[in-house]
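Read through the structure below, which is laid out as structure tokens, and then see the notes.
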Amino acid sequence: MLANIFSLRSVKSLLFSCQLMIVLLLSISNVGCINNINNLNKSDFDIEALDEQGLLNGVAVDFEFCVANSKAVMAQIAARYPNLQFMTSSPGRIGCHVQEDGQGEQVLVIGSTLVPQYREHFRQLLASDEITAVKRVYWE
């Protein structure tokens with residue numbers, strides 16, 4: 001009987017330890033999920049600082065990045081984020097490799113956080129291998 005009680009306590013202790021480990025692992029993985037949008041270090045601003053409407057201090061955040069001057073790439077990027085503007089002859093402040101005739105190797109892409117589900121769309125942009133950096137635009 002004493003052996004059964006001792007083994008029951010050991011089992012309960014082991015189960016408690018396992019539950020504690022699971023809780024700790026889940027909490028650590030959730031910390032990663034909170035910042036997973038910017039974890040690729042592609043964006044120079046923290047999208048998590050924006051409110052649910054995509055506003056920072058009441059103003060939408062505009063951003064820019066470069067992609068290859070390819071219809072297929074531009075279509076892929078356009079499918080990931082709504083209302084993007086593709087500019088084939090402007091380098092932007094980010095310095096895309098464009099030509100005045102629009103035949104450069106890259107195009108400038110400008111977007112805004114003022115779109116529905118901007119966080120999910122932004123996450124998809126940052127996950128794209130076609131995008132190496134996203135910079136916030138400060139209009140003058």
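For this chain, numbers begin at 1 and follow the sequence in order.
Hydrophobic clustering of Ile, Leu, Val, Met, Phe, Trp and Tyr side chains at less than 4.5 Å, counting indirect connections, keeps F65 apart from M87. Residues Y118 and V134 are members of one and the same hydrophobic cluster, defined by side-chain heavy-atom contacts under 4.5 angstrom among Ile, Leu, Val, Met, Phe, Trp and Tyr.
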*Determine, step by step, whether Q85 and L108 satisfy the side-chain contact (heavy atoms from CB on, under 4.5 Å) criterion, reporting the C-alpha distance in whole Å, the side-chain angles of both residues, the deciding distance to 0.1 Å, and the verdict.*
CA-CA 8 Å; Q85 297 175 10; L108 172 67; over 6 Å; no
*Can Y81 and F63 be said to form a ring-ring contact (aromatic ring centres under 6.0 Å, His included), step by step?*
CA-CA 12 Å; Y81 203 99; F63 55 88; 5.4 Å; yes
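When all heavy atoms of I94 and C66 are compared, the closest pair comes out as CG2-SG, 3.4 Å. Of all heavy-atom pairs between R119 and E52, the closest is NH1-OE2, 2.9 Å. Between S128 and I77, the shortest heavy-atom contact is OG-CD1, 3.6 Å. Taking both residues in full, the closest heavy atoms of I110 and E64 are given as CG1-CB, 4.2 Å, listed atom of the first, atom of the second, then distance. Contact detail for A60 and S112: the closest heavy-atom pair is CB-OG, 3.8 Å. Heavy atoms only, all atoms of each residue included: T88 and V98 are closest at O-CB, 3.5 Å.
Taking the side chain as every heavy atom from C-beta outward, L114 and L55 approach each other to under 4.5 Å. Residues R80 and I131 have side chains not in contact (no heavy-atom distance under 4.5 Å, counting atoms from C-beta outward). Between H121 and P82, the closest side-chain pair of non-hydrogen atoms falls below 4.5 Å. Using a 4.5 Å cut-off on side-chain heavy atoms (C-beta onward), K135 and R93 make no contact.
For the atom pair CG (L50) and CZ (F122), the distance works out to 9.0 Å, reported to the nearest 0.5 Å. Between the CG atom of L125 and the CG atom of L84 there is a distance of 6.0 Å, given to the nearest 0.5 Å. Interatomic distance, T132 OG1 to E130 CD, rounded to the nearest 0.5 Å: 10.0 Å. Here CZ of R136 is found 5.5 Å from CG of L56. Values are rounded to the nearest 0.5 Å. Rounded to the nearest 0.5 angstrom, S90 OG and E100 CD are separated by 10.5 Å.
For D62 (side chain) and V137 (main-chain N/O), no donor-acceptor pair under 3.5 Å exists by modelled atom type.
Summarising the local packing, CD of Q117 is surrounded by 12 or fewer heavy atoms from other residues, nucleotides or ligands at distances under 6.0 Å. Atom CG of D101 has more than 12 heavy atoms from other residues, nucleotides or ligands within 6.0 Å.
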